[in-house]
**Student:** 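I am attaching a structure below and will ask some questions about it afterwards.
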Amino acid sequence: SQQGEEDPQALSIQEGENATMNCSYKTSINNLQWYRQNSGRGLVHLILIRSNEREKHSGRLRVTLDTSKKSSSLLITASRAADTASYFCATDSWGKLQFGAGTQVVVTP
Amino acid sequence: DGGITQSPKYLFRKEGQNVTLSCEQNLNHDAMYWYRQDPGQGLRLIYYSQIVNDFQKGDIAEGYSVSREKKESFPLTVTSAQKNPTAFYLCASSIVGQAWGQPQHFGDGTRLSIL
């Protein structure tokens, strides 16, 4: 069964706009991770946020974590065509990752 | 450059045939993982290994087998017992941290299809 569930399933935006996607999960976690997958490729790690952290930044990415609501969000600011990909959240419980079904993001020029 | 190499990129299996997918890493990571990805879905864990000569079943291990004879290598065999093997298979590795809060590094996958 999938621990994380992303919302929305798909997102289409124009270059320069911000993209926000959410992840909800069901059980307690050690940390939550976000990954990007380009079509036909492997996953690339973006950010890891620990259960005692509330917000984390990396370049144009901002991740929040609310353990009381069991939810996380990923914000991509000033999106570019190269940000077109699927984005997955993964919850980490004792080293095993459980992935959601992902949010497919399309950024048009 | 350090990374994970999966081969082949595409693989075709006949009915009743076992096939083996290769995964090699030169990141000096202790832990390695195999995942299966079906269209429009997330990844599901097949097997994982934290140390040489030891491995554990993941959520969907039936019909699959693995070995971990070397730190760098973690091959996956899809046996004839796996009735629906068509999928995208991803291998990953990570260091083993005390708090188990480590990112995983992925290969570029093997796409397996049935002839």
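Within every chain, numbering begins at 1; the chains are lettered A, B, ... in the order of the sequence lines, protein sequences first and strands thereafter.
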**Student:** Cluster question for you: counting only ILVMFWY and a side-chain heavy-atom cut-off of under 4.5 Å, with indirect links fine, are B:L90 and B:I4 together?
**Tutor:**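 No, B:L90 and B:I4 fall in different hydrophobic clusters.
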**Student:** If you count the non-hydrogen atoms of other residues, nucleotides and ligands that lie under 6.0 Å from CD1 in B:I51, is the total more than 12?
**Tutor:**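 No, because the 6.0 Å sphere around CD1 of B:I51 holds 12 heavy atoms or fewer from other groups.
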**Student:** Does the side chain of A:Q33 pick up a donor-acceptor pair with the side chain of B:Q104 at under 3.5 Å?
**Tutor:**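 A:Q33 vs B:Q104: no donor-acceptor pair found between side chains.
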**Student:** How long is the span from the CD atom in A:Q98 to the CG atom in B:L43, to the nearest 0.5 Å?
**Tutor:**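 A:Q98 CD to B:L43 CG: 11.0 Å, rounded to 0.5 Å.
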**Student:** For residues A:L32 and A:I47: do they belong to one hydrophobic cluster (side chain heavy atoms under 4.5 Å, members Ile, Leu, Val, Met, Phe, Trp, Tyr)?
**Tutor:** yes
**Student:** How long is the span from the CG atom in A:D92 to the OG atom in B:S94, to the nearest 0.5 Å?
**Tutor:**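 Spacing of CG (A:D92) from OG (B:S94) equals 9.0 Å.
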**Student:** Please determine whether residues B:Y47 and A:L43 belong to a single hydrophobic cluster, defined as Ile, Leu, Val, Met, Phe, Trp and Tyr linked transitively by side-chain heavy-atom distances below 4.5 Å.
**Tutor:** no
**Student:** Measuring from atom CZ of A:F99 to atom OH of B:Y35, what distance do you get when rounded to the nearest 0.5 angstrom?
**Tutor:**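 One finds 4.5 Å between CZ of A:F99 and OH of B:Y35.
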**Student:** Is it the side chain or the backbone of A:Q37 that comes within 4.5 Å of chain B heavy atoms, both, or neither?
**Tutor:**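 A:Q37 touches chain B through side-chain heavy atoms alone.
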**Student:** Would you give the length of the straight line joining atom CG of A:L97 to atom OH of B:Y33, rounded to the nearest 0.5 angstrom?
**Tutor:** 7.0 Å
**Student:** Contact part of A:L48 toward chain B, heavy-atom cut-off under 4.5 Å: side chain, backbone, both or neither?
**Tutor:**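 For A:L48, the side chain is the part near chain B, not the backbone.
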**Student:** Quick one: which of A:R41, A:H45, A:Q104, A:Q9 has the most heavy-atom pairs under 4.5 Å with chain B, could you say?
**Tutor:** A:R41
**Student:** Looking at B:K9, B:R111, B:Q37, which makes the most heavy-atom pairs under 4.5 Å with chain A?
**Tutor:**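 When all of B:K9, B:R111, B:Q37 are compared, B:Q37 has the most.
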**Student:** Identify every side-chain donor-acceptor pair in residues 77-84 of chain B under 3.5 Å, counting partners at least two apart or on other chains, and give the distances.
**Tutor:**
unit_1, atom_1, unit_2, atom_2, d
B:T77, OG1, B:T20, OG1, 3.0
B:T79, OG1, B:G63, O, 3.0
B:T79, OG1, B:A81, N, 3.2
B:Q82, OE1, B:N84, N, 3.1
B:Q82, NE2, B:E62, O, 3.1
B:K83, NZ, B:S80, O, 3.3

**Student:** Which heavy atom of A:K96 sits nearest to which heavy atom of B:Y48, and what is that distance?
**Tutor:**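 Taking every non-hydrogen atom into account, CD-OH, 3.5 Å.
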**Student:** Is it the case that atom CZ in A:R60 sees more than 12 heavy atoms from other parts of the structure closer than 6.0 Å?
**Tutor:** yes
**Student:** With disulfide bond (SG atoms under 2.5 Å apart) as the rule and sequence neighbours excluded, what pairs involving residues 23-79 of chain A come up?
**Tutor:**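 Qualifying pairs, neighbours excluded: A:C23-A:C89.
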